[in-house]
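Report on one structure; see the data block that follows.
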Amino acid sequence: MSEDADVRSHSAGGATRGSEPSTLLYVVGARPNFVKMAPVVTALRRRLPKARHVLVHTGQHYDRELSDLFFDDLELQEPTHRLDVGSGSHAVQTARTMERLEPVVESERPDLAFVAGDVNSTLGAALVLVKLGVRYAHVESGLRSFDRSMSEEINRIVADEFAEHLFAHSEDALENLAREGIEDRRIHLVGNTMIDTLVRLEPTFRALHTCERLGLEPKSFVLVTLHRPSLVDGPLLGPALEALDVLSQVAPVVFPVHPRTRGHISDPGRYAGIRFVEPLGYLEFLSLEADARGVLTDSGGVQEETTFLGVPCFTLRTTTERPVTTRIGTNVLLGLEPERIHDIAPLLEGDPPAHRIPPLWDGRAAERIADVVLR
Ligand code: UD1
Ligand code: UDP
């Protein structure tokens with residue numbers, strides 16, 4: 001594309017407004033993207049069987065445990081294009097996504113594209129699509145932590161700003177978008193596609209009993225995931241691991257370690273009570289999540305899944321972009337304070353907390369997205 005090219009109107013994929021799209025393009029790149037996008041691809045393939053469904057994997061996540069395993073577990077179609085972007089600084093990762101995605105979009109000429117969530121691949125893809133004048137939808141739109149030191153917050157704001165369709169999963173998201181002045185006609189409350197995946201695969205992961213393979217009783221152990229830079233890239237990780245080691249005297253602690261975090265644990269043997277394991281595939285992880293006594297996390301998706309499953313969740317962050325999980329769900333925001341991990345043991349006593357499942361987290365969000373696309 002020439003340097004001075006303007007934003008172009010892009011209807012060359014064959015379909016025009018009002019007719020059925022003939023080419024749809026879906027961009028994924030990181031672990032949570034696969035879980036959110038899989039049901040959207042499935043629903044639209046079913047509803048538009050004659051259309052071309054192009055799946056682009058940016059390659060932001062590339063380890064088998066963070067990528068291929070998810071394609072298998074989720075039965076996601078093979079990527080049509082792999083961009084092999086890999087790891088790097090935010091600028092490098094975003095720039096590589098843009099450079100490598102642009103020719104793919106120019107050759108595929110989709111009528112509509114989809115991006116999901118808030119990772120760097122999402123940002124790069126949104127910028128390429130809007131600059132090529134390709135209409136795109138943002139799945140999981142409107143989440144805000146109101147903390148602009150999180151790169152995810154920047155990525156979400158940009159992805160929302162230029163999207164033609166903003167697919168929101170909660171009332172909180174609608175309010176955030178309205179506050180930012182985004183027109184109503186672009187916003188659709190459809191529910192949570194990450195929960196669609198959970199609902200579809202619940203019978204499969206419930207039958208796995210992964211905890212027994214690890215020698216653990218159901219509802220006896222604490223499952224841990226930590227990967228946010230604010231926690232794992234700095235001095236807070238050591239005290240958090242020490243506190244988890246202490247917690248392991250009360251309940252077994254299982255910690256599937258994200259590769260970012262692995263790079264910062266130089267001496268895992270120091271924390272003899274913690275059971276460190278490789279990152280798990282979706283089905284094994286959900287099996288553990290469903291059978292856990294409690295979960296300690298800084299993940300966005302895990303806060304939502306535990307709310308749906310009714311499993312007590314403790315979030316080691318100062319903010320959450322998913323306040324519905326603390327208001328009506330099982331999520332407790334501990335703050336970014338490792339010493340608060342000591343509060344978990346007494347909170348695990350007794351019955352699990354009462355909770356409600358947020359409206360439209362019912363396994364049918366992707367069908368509602370397809371309704372909007374076909375309307
Ligand atoms: C990214 C997202 C984050 C999301 C998380 C989900 C951004 C800015 N961050 O964080 O929002 O919650 O994914 O897991 O997009 N690495 C590997 N193998 C891999 C991938 C990464 O070893 O397959 C290592 C590399 O050392 C890399 C580091 O992990 O530098 C971080 O990866 P990156 O994709 O930059 O960010 P995440 O921490 O995974
Ligand atoms: N997950 C997984 N295996 C793991 C850790 C997480 O399958 O070892 C799943 C988790 O159930 C959820 C998704 O990965 O579906 C969340 O991804 P992550 O926590 O990496 O990203 P975030 O949601 O924080 O952006």
Side-chain angles (χ1 to χ4, degrees), residues 28-39 57-74 84-94 96-97 115-125 140 143 145 149-156 158-159 192-198 201-202 205 210 223-233 254-264 276-290 292 295-309 311 313 315-317 320-322 325:
V28 291
R31 177 164 78 181
N33 286 172
F34 310 136
V35 185
K36 291 164 196 171
M37 196 69 93
H57 185 346
T58 68
Q60 175 171 348
H61 283 175
Y62 45 86
D63 284 352
R64 181 176 173 276
E65 292 81 8
L66 273 80
S67 177
D68 286 359
L69 211 45
F70 281 76
F71 279 76
D72 295 345
D73 280 1
L74 306 177
D84 296 326
V85 161
S87 302
S89 69
H90 290 272
V92 166
Q93 219 167 35
T94 310
R96 276 196 208 137
T97 302
V115 301
D118 53 19
V119 301
N120 284 344
S121 303
T122 312
L123 171 67
E140 196 196 71
L143 300 194
S145 65
S149 71
M150 287 182 76
S151 53
E152 291 83 357
E153 185 80 348
I154 311 300
N155 298 348
R156 293 176 194 122
V158 175
N192 191 331
T193 64
M194 193 171 236
I195 299 300
D196 288 7
T197 296
L198 189 160
L201 294 172
E202 189 165 12
F205 70 70
T210 301
L223 177 67
V224 178
T225 77
L226 300 171
H227 70 273
R228 297 279 162 210
S230 56
L231 180 69
V232 306
D233 286 2
V254 186
F255 188 170
V257 186
H258 188 285
R260 172 187 285 278
T261 312
R262 186 175 57 216
H264 295 283
F276 294 107
V277 296
E278 293 298 310
L280 297 168
Y282 181 80
L283 292 171
E284 288 210 303
F285 187 80
L286 263 289
S287 170
L288 283 183
E289 208 176 284
V295 176
L296 176 77
T297 196
D298 57 6
S299 157
V302 170
Q303 295 173 59
E304 297 181 352
E305 290 165 346
T306 46
T307 282
F308 185 87
L309 294 166
V311 172
C313 178
T315 299
L316 210 51
R317 287 178 46 185
T320 179
E321 56 290 314
R322 292 148 163 104
T325 62

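Sequential numbering from 1 along the given sequence is applied to the chain's residues. Counting convention: from 1, in listed order, for ligands and their atoms alike. Basis for what follows: all heavy atoms, side chains included, without hydrogens, waters or symmetry-related copies.
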Protein heavy atom at shortest distance from atom 35 (O) of ligand 1: Gln93 NE2, 3.4 Å

Region of Glu152 that comes within reach of ligand 1 [heavy atoms, distance under 4.0 Å]: side chain

Polar atom proximity, Ser151 to ligand 1 (N or O, under 3.5 Å): no

Candidate with minimal heavy-atom separation from atom 13 (O) of ligand 1, of Glu153, His61, His258: His61

Element-labelled atoms of ligand 2 that are located less than 4.0 Å from some non-hydrogen atom of Glu305: 10 (C), 11 (O), 12 (C), 15 (O)

Ligand 1 contact on Pro32 by region, counting heavy-atom pairs under 4.0 Å: side chain

Protein non-hydrogen atom below 4.0 angstrom of atom 32 (O) of ligand 1 present: no

Nearest option to atom 5 (C) of ligand 1, as decided by whichever heavy atom of Met150, Arg228, His227 sits closest: His227

Proximal ligand 2 atoms for Arg228, defined as those under 4.0 Å from one of its heavy atoms: 22 (P), 24 (O), 25 (O)

Under 4.0 Å to a heavy atom of Pro279 - the qualifying atoms of ligand 2, by number: 8 (O)

Proximal atoms of ligand 2 relative to Glu289 (non-hydrogen, under 4.0 Å): 11 (O)

Asp233/Arg260 ion pair, N-O < 4.0 Å: yes

Electrostatic pair Arg64-Glu278, nearest N-O below 4.0 angstrom: no

Any N/O pair Val35/ligand 2 closer than 3.5 Å: no

Backbone or side-chain N or O of Ser299 under 3.5 Å from ligand 2 N or O: yes

Nitrogen or oxygen of Arg260 less than 3.5 angstrom from that of ligand 1: yes

Sub-3.5 Å N/O-N/O distance, Leu286 and ligand 2: no

Short N or O distance, Met194 and ligand 2, threshold 3.5 Å exclusive: no

